[in-house]
Amino acid sequence: MEYIKNYINGQLIEPLDKKYLDNFNPATGKVYSYIPDSDENDVDKAYQAAKAAFPAWSSLSKNKRSDYLIRIAQLIEQNLDRLALAESIDNGKPLKLAKTVDIPRAAANFHFYGTGILHYAAPTHSMEDTAINYTLRQAVGVAGCISPWNLPLYLFSWKIAPALAAGCTVVAKPSEVTPMTAFLLSEICIEAGLPAGVLNIVHGLGGKVGNAIVSHRDIPLISFTGGTVTGKQIASIAAPMFKKLSLELGGKNPNIIFADCDYDKMLATTIHSSFSNQGQICLCGSRIFIERPLYEKFKKDFIEKTKQLKVGNPLDDATKVGAIVSKPHQEKILSYVELAKQEGGKVLCGGEAVKLDGDFKEGYYIAPTIIEGLAYNCRTNQEEIFGPVVTITPFDTEEEALMMANSTMYGLASVVWTEHLTRAHRMANQIHAGIVWINCWLLRDLRTPFGGVKASGVGREGGFEAFDFFTEPKNVCIKLS
Ligand code: NDP
């Protein structure tokens with residue numbers, strides 16, 4: 001069985017304590033590799049390497065940094081099949097999804113930021129005849145990057161690529177639940193000739209490795225994507241140390257459907273926005289609000305289409321819903337279905353674990369689940385479930401839809417389906433969320449600001465905003481006479 005290694009100072013090495021954790025294949029429920037159970041000493045070793053690499057990397061020309069990133073993007077593309085297979089086995093997601101979304105997007109992240117840095121410019125401010133100010137944007141230093149398990153390489157690279165392009169060196173931790181593609185990325189970085197210490201990947205538990213990165217005295221900025229509770233804990237440590245913080249956290253996204261929508265497009269997309277990646281995408285719409293005249297028709301068709309989704313072996317091309325990432329997460333999702341029933345919800349389809357045969361009989365599967373009859377403000381409709389579970393609720397007026405949509409502590413993403421142009425704008429203006437998709441879902445332009453409001457996060461990723469985060473602006477003022 002494979003032993004994953006840490007990537008520190010350009011080398012693949014064992015954790016200092018030589019301790020390992022089990023890595024499970026969620027499709028089978030069996031251990032299939034081992035993950036370093038690293039601790040603060042491994043993190044400090046990684047930090048020392050990153051610190052030593054920083055002066056040369058940050059002063060390398062943008063063109064040269066760009067070349068490295070584009071080389072990494074190319075190697076990801078060349079290794080697409082291998083990386084997609086690894087992602088599917090590690091996470092339980094359908095192989096097809098990993099091949100068409102996760103891995104291409106990881107390559108795109110390196111490509112986008114590798115080229116983006118060449119166009120990143122800072123302003124000047126002229127004081128007529130008196131002085132001129134220019135702004136230097138300087139890489140902050142060693143960046144700490146921590147990412148979750150739902151889109152492993154996709155989100156890991158979404159942080160690392162802008163950090164490296166901006167001139168930071170990095171100490172990064174992927175989720176201990178899905179470490180494999182980060183490990184393969186370290187092999188790719190070695191092949192790409194990335195200088196030693198520029199990127200360091202330390203594997204292990206959030207409470208040990210993640211915490212050691214966040215509380216490390218000399219790591220001045222933390223880019224974190226994960227749950228809101230973890231984000232709060234990280235902020236409580238990092239804020240008093242005056243670290244720069246970017247927090248991309250949980251969501252409970254509303255999907256608002258008006259009766260005048262393009263019905264077929266809406267229905268097909270709503271299936272994706274509900275159940276893609278087993279509903280484990282922070283942008284999935286988990287609360288679906290339907291204008292009353294359309295409610296019964298939508299309910300019938302949505303249930304019918306949901307029942308057609310094949311739950312099964314993630315490596316099988318016909319599978320639409322793969323395995324839930326871990327047993328504890330499967331249990332958490334099912335506990336929310338029980339809660340929904342206690343709160344008076346009616347399970348219209350799904351609602352239980354799916355038992356497969358043979359090699360997959362110990363895997364963690366849940367049938368895509370639709371629940372109706374719940375109050376908008378009950379716990380099921382307020383707390384993040386992060387699984388293939390959605391609720392459906394009718395509404396009568398725009399005001400009511402908005403009130404329910406905005407009623408949670410979250411504000412990450414939202415979807416509005418309507419052919420009424422001015423209503424679309426009105427809704428977009430009033431929804432409390434970092435993203436409003438009108439008549440689409442998960443359509444992403446990497447130049448746009450990405451992030452949430454309220455308990456969904458602080459700060460924005462994407463485009464030049466990411467470079468703003470990984471650099472510090474310095475005002476230089478020159479008196480002209
Ligand atoms: P967690 O918050 O549990 O973990 C995220 C990362 O933080 C993991 O690498 C984890 O390590 C690490 N971690 C855990 N505890 C600590 C700690 N005390 N200090 C530092 N690091 C720590 O989230 P999940 O991995 O369960 O991911 C799911 C969550 O992520 C959902 O809430 C989802 O909405 C959110 N998410 C948000 C996105 C966004 O862009 N806003 C995008 C994708 C997901 P380990 O796994 O080893 O414990």
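Both counts, for ligands and for their atoms, begin at 1 and track the order of listing.
Among protein heavy atoms, atom 15 (N) of ligand 1 sits closest to T230 CG2, 3.3 Å. Of all protein heavy atoms, the one lying nearest to atom 40 (O) of ligand 1 is F450 CE2, 3.3 Å. Distance from atom 48 (O) of ligand 1 to its nearest protein heavy atom, with residue and atom name: G206 N, 3.4 Å. The single protein non-hydrogen atom nearest to atom 11 (O) of ligand 1 is K173 NZ, 2.9 Å, given as residue, atom name and distance. The nearest protein atom to atom 7 (O) of ligand 1, hydrogens excluded, is given as F224 CE1, 3.1 Å; this is a heavy-atom distance. Residue, atom and distance of the protein heavy atom nearest to atom 28 (C) of ligand 1 are F386 CE2, 3.6 Å. The single protein non-hydrogen atom nearest to atom 42 (C) of ligand 1 is C282 SG, 2.6 Å, given as residue, atom name and distance.
Residues passing the side-chain hydrogen bond (donor to acceptor under 3.5 Å, both in side chains) test with E372 are Y295, K299, sequence neighbours excluded.
For G204, the closest heavy-atom approach to ligand 1 falls below 4.0 Å.
Selection from S175, G226, G250 by nearest heavy atom to atom 30 (O) of ligand 1 gives G226. Of all the listed residues (G210, P148, S147), S147 holds the heavy atom that lies closest to atom 9 (O) of ligand 1.
You'll find the ring centres of F156 and W149 outside the 6.0 Å limit.
The number of heavy-atom neighbours closer than 6.0 Å to NZ of K265, taken from other residues, nucleotides and ligands shown, is 12 or below.
With ligand atoms numbered from 1 in the order given, ligand 1 contributes 43 (C), 44 (C) to contacts under 4.0 Å with heavy atoms of N150. Which parts of ligand 1 touch L205 is read off a 4.0 Å heavy-atom cut-off, strictly below it: atoms 47 (O). Listed by number with element, the atoms of ligand 1 under 4.0 angstrom from any heavy atom of N211 are 19 (N), 20 (C). Close approach of ligand 1 to L412 is summarised as follows: ligand atoms under 4.0 Å from at least one heavy atom of the residue are 41 (N).
Taking any N or O of E384, backbone or side chain, at least one lies under 3.5 Å from an N or O belonging to ligand 1. Between L249 and ligand 1, at least one pair of N/O atoms sits closer than 3.5 Å. At a 3.5 angstrom cut-off on N or O pairs, G227 counts as close to ligand 1. The shortest N or O to N or O distance between T225 and ligand 1 is not below 3.5 Å. Below 3.5 Å of separation, one finds an N or O of W149 facing an N or O of ligand 1.
The minimum heavy-atom distance between W441 and L283, with the atom names listed, is NE1-O, 2.8 Å. When all heavy atoms are compared, the tightest approach of V142 to L221 is O-CD2, 3.7 Å.
Taking NZ from K454 and CG from L249, the interatomic distance works out to 13.5 Å, rounded to the nearest 0.5 Å. Atoms CZ and CZ, on R447 and F112 in that order, are 7.5 Å from each other to the nearest 0.5 Å.
K243 places none of its side-chain heavy atoms less than 4.5 Å from the side chain of P220. Considering only heavy atoms from C-beta on, P388 comes within 4.5 Å of I366 through its side chain.
For L155, every heavy-atom contact with ligand 1 shorter than 4.0 Å involves the side chain, none the backbone. Counting heavy atoms closer than 4.0 Å to ligand 1, residue V209 contributes nothing at all. By the criterion of a heavy-atom distance under 4.0 Å, the side chain of Q233, and not its backbone, is placed next to ligand 1.
Side-chain atoms of R65 come within 3.5 Å of backbone atoms of A165 as a donor-acceptor pair (strictly under, hydrogens ignored). Of the possible donor and acceptor atoms, one in the side chain of S66 sits under 3.5 Å from a partner among the backbone N and O of G114.
Residues K93 and N277 have side chains that bring a donor and an acceptor to within less than 3.5 angstrom of each other.
For residues 195-212, the set of pairs meeting the salt bridge (charged side-chain N to carboxylate O under 4.0 Å, His left out) definition, not counting sequence neighbours, comprises D37-K208.
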